[in-house]
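Scroll down for the structure; my scribbles are underneath it.
Owing to the predicted nature of the structure, the values given are computational and were not obtained by experimental measurement. Below, all heavy atoms of this structure are taken into account, side chains as well, without hydrogens, waters or symmetry copies.
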2 protein chains.
Amino acid sequence: MYVIPTEPDPSGAKRPRGRPRKTPEERNDGNRRQDLVMAAAKLFRRHGFNGTSTRDIACAVGMHSGSLFCHFKSKDALLYEVMQKGMRSALARQTIVLLSEHDAATTLRQLIRSHFDTLLGPNSDFMHAVLYESRSLNTQQRNVIAKLQGDYKEAWTPVLQELCLTGYLQVEVPVLARLLIFGALNWSVQWFDAKKGHSRDELIDAVIALVIRKRSPALQK
Amino acid sequence: MYVIPTEPDPSGAKRPRGRPRKTPEERNDGNRRQDLVMAAAKLFRRHGFNGTSTRDIACAVGMHSGSLFCHFKSKDALLYEVMQKGMRSALARQTIVLLSEHDAATTLRQLIRSHFDTLLGPNSDFMHAVLYESRSLNTQQRNVIAKLQGDYKEAWTPVLQELCLTGYLQVEVPVLARLLIFGALNWSVQWFDAKKGHSRDELIDAVIALVIRKRSPALQK
DNA sequence: CCTACCGATCGGTAGG
DNA sequence: CCTACCGATCGGTAGG
């Protein structure tokens, strides 16, 4: 015996469990698979991978629980697609930055901006999964994602190295600098809230001010 | 019908599920509760709160699944104790640093060292739960932990402010500097491995070098 | 994509 | 702290 849910999910209210919302007129048969990926990314961020059931995800797009498995062979496969989408989008954004040639300091600023766009902009739920849910992938999946992450971070290395050589960045071990800067950036997903607080440009300025020596290298050290 | 597990858990091998290891001679009846807290912290770190069952935790200390609830009224309560222990230990370590009066730059270095000790030293599993599992607390529990975290981070504010005034730290918005520095430090739990890589002192030096202007403030800006 | 269901596992409890 | 168990929920499947 089914109980029809009394209210559709007002996107942000308490978690819809068990039964899908039924609003047949808003069914777009086009890309249900993408709907599932987006809903999954959002729920994984809010409740974690292990705290989200396949029923929750199906329900969020108005499906019944079993139907999710018409699109994905397992819950893992869905997480894997979320994370792949996150990394490929991050890499695409980064590639655009790297295509235009600038001095190292300008490139660093643009890499930081691009990274914040990935972390804090629309679709940031995908990157959140990349940062925090790789534990739930199997070994092969994790290797693929790790490879993409390796490509991503390697793009920063020559930029940081040049900034070290020219004295704009003060650090003995460049690889540690990259890890620390990534930490400063990645942690922003835990606290940054554009609605009440600082703008994304203030954020970028703060990172640059904190880390880059603006004056002539000769004055440093 | 019970199946006696063939092997005790060699601490780091694959997850022991369902049945406790039975090695009666190593039963210390003293503080089983603390054993549970430590085992829980370790498992929460490896598999996440939602990925760890109360059976896993009980099994890790050689108990049967139901017996855990003689010590904790719920799984939540156990997580709460893990996180409280993490924060109280971090605050205790920090307080020791703040008791000895030094100049701001030295205090910052000691705060950073203390923070890394909490994040990367023994018992770091507790702080890991604080950083990543507060989502699984109820509102009141989360408020208590947030209060402790507030106290912890407030201790950094006057130090960073003085470093700003004296030009050792270059940033327009001190609160952003603190958040970024915390990010750089906290992210280290994701990658730092003392066994293969850099020492904790190299790590501290790298943070200081990245963020602090060593020379006379008059030469800056 | 829905209906109806499976075996496994979950957090937690009663009684000893 | 163990034994034995509960109802709920989990990921996933068969048949349509």
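- Judged as a ring pair (Phe, Tyr, Trp, His ring centres under 6.0 Å), and not counting sequence neighbours, Phe69(A) has no contacts.
- Under the 4.5 Å side-chain criterion, counting only non-hydrogen atoms from C-beta, Gln34(A) is in contact with Glu81(A).
- No salt bridge links Arg46(B) with Asp125(B); every basic N to acidic carboxylate O contact stays at or beyond 4.0 Å.
- Base-pairing analysis of DNA chain D finds the following stems of at least three consecutive Watson-Crick or G-U pairs, with both pairing distances under 3.5 Å: C:1-16 with D:1-16.
- Listed by first and then second residue, the salt bridge (charged side-chain N to carboxylate O under 4.0 Å, His left out) pairs that reach into residues 127-153 of chain A are Lys147(A)-Asp151(A), sequence neighbours excluded.
- Ala155(A) and Leu111(A) get closest at one heavy-atom pair: O-CD1, 4.4 Å.
- Not counting sequence neighbours, the partners of Arg109(B) by the salt bridge (Lys or Arg N to Asp or Glu O under 4.0 Å) test are Asp205(B).
- Taking atom CG on Leu43(B) and atom P on dC10(C), their separation rounds to 12 Å, with Å as the unit.
- In terms of position on DNA chain C, the residue among Leu36(A) and Asn50(B) whose nearest nucleotide sits closer to the 5' end is Leu36(A).
- When the P atom of dT13(C) is taken as reference, atom NZ of Lys73(B) falls 10 Å away, rounded to whole Å.
- In this structure, Leu68(B) atom CG and dG12(C) atom P are separated by 9 Å, rounded to whole Å.
- Counting only residues at least two apart or on different chains, the ring pair (Phe, Tyr, Trp, His ring centres under 6.0 Å) pairs with a member in residues 120-144 of chain B are Tyr132(A)-Tyr132(B), His128(B)-Tyr132(B).
- Following rounding to the nearest Å, Phe44(A) (CZ) and dG11(D) (C1') show an atom-to-atom distance of 12 Å.
- Ranking dC1(D), dG12(C), dC2(C) by closeness to the Met63(B) side chain, first place goes to dC1(D).
- When each of dC10(D), dC2(C), dC1(D) is scored by its nearest atom to the side-chain atoms of Ser67(B), the top-ranked nucleotide is dC1(D).
- In the set dC2(D), dG12(C), dG11(C), dC2(D) carries the atom at the smallest distance from any side-chain atom of His64(B).
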Protein N or O to nucleotides 14-16 of chain D N or O, pairs below 3.5 Å:
none

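- Put simply, the side chain of Leu137(B) does not reach to within 4.5 Å of the side chain of Asp76(B), judged on heavy atoms.
- Distances shorter than 4.0 Å separate some side-chain N or O of Ser53(B) from OP1 or OP2 on dC10(C).
- Comparing Ser74(B) and Cys70(B) by the nucleotide of DNA chain C whose heavy atom lies nearest to each, the residue mapping closer to the 5' end is Ser74(B).
- Atom NZ of Lys75(B) and atom C1' of dT13(C) are 17 Å apart (whole Å).
- Taking each heavy atom of Ala177(A) and Leu169(A) in turn, the nearest pair found is CB-CD2, 4.4 Å.
- Atom pair Leu79(A):CG and dG11(D):C1' shows a separation of 14 Å (rounding to whole Å applied).
- In the set dG11(C), dG12(D), dC2(D), dG12(D) carries the atom at the smallest distance from any side-chain atom of Phe69(A).
- Residue Arg32(B) has a polar side-chain atom (N or O) positioned under 4.0 Å from OP1 or OP2 of dC1(D).
- Relative to the side chain of His71(A), the nucleotides dC1(C), dG11(D), dG12(D) differ in distance, and dC1(C) lies closest.
- For the pair Asn186(A)/Met127(A), no side-chain contact is recorded, criterion being any heavy-atom separation below 4.5 Å from C-beta on.
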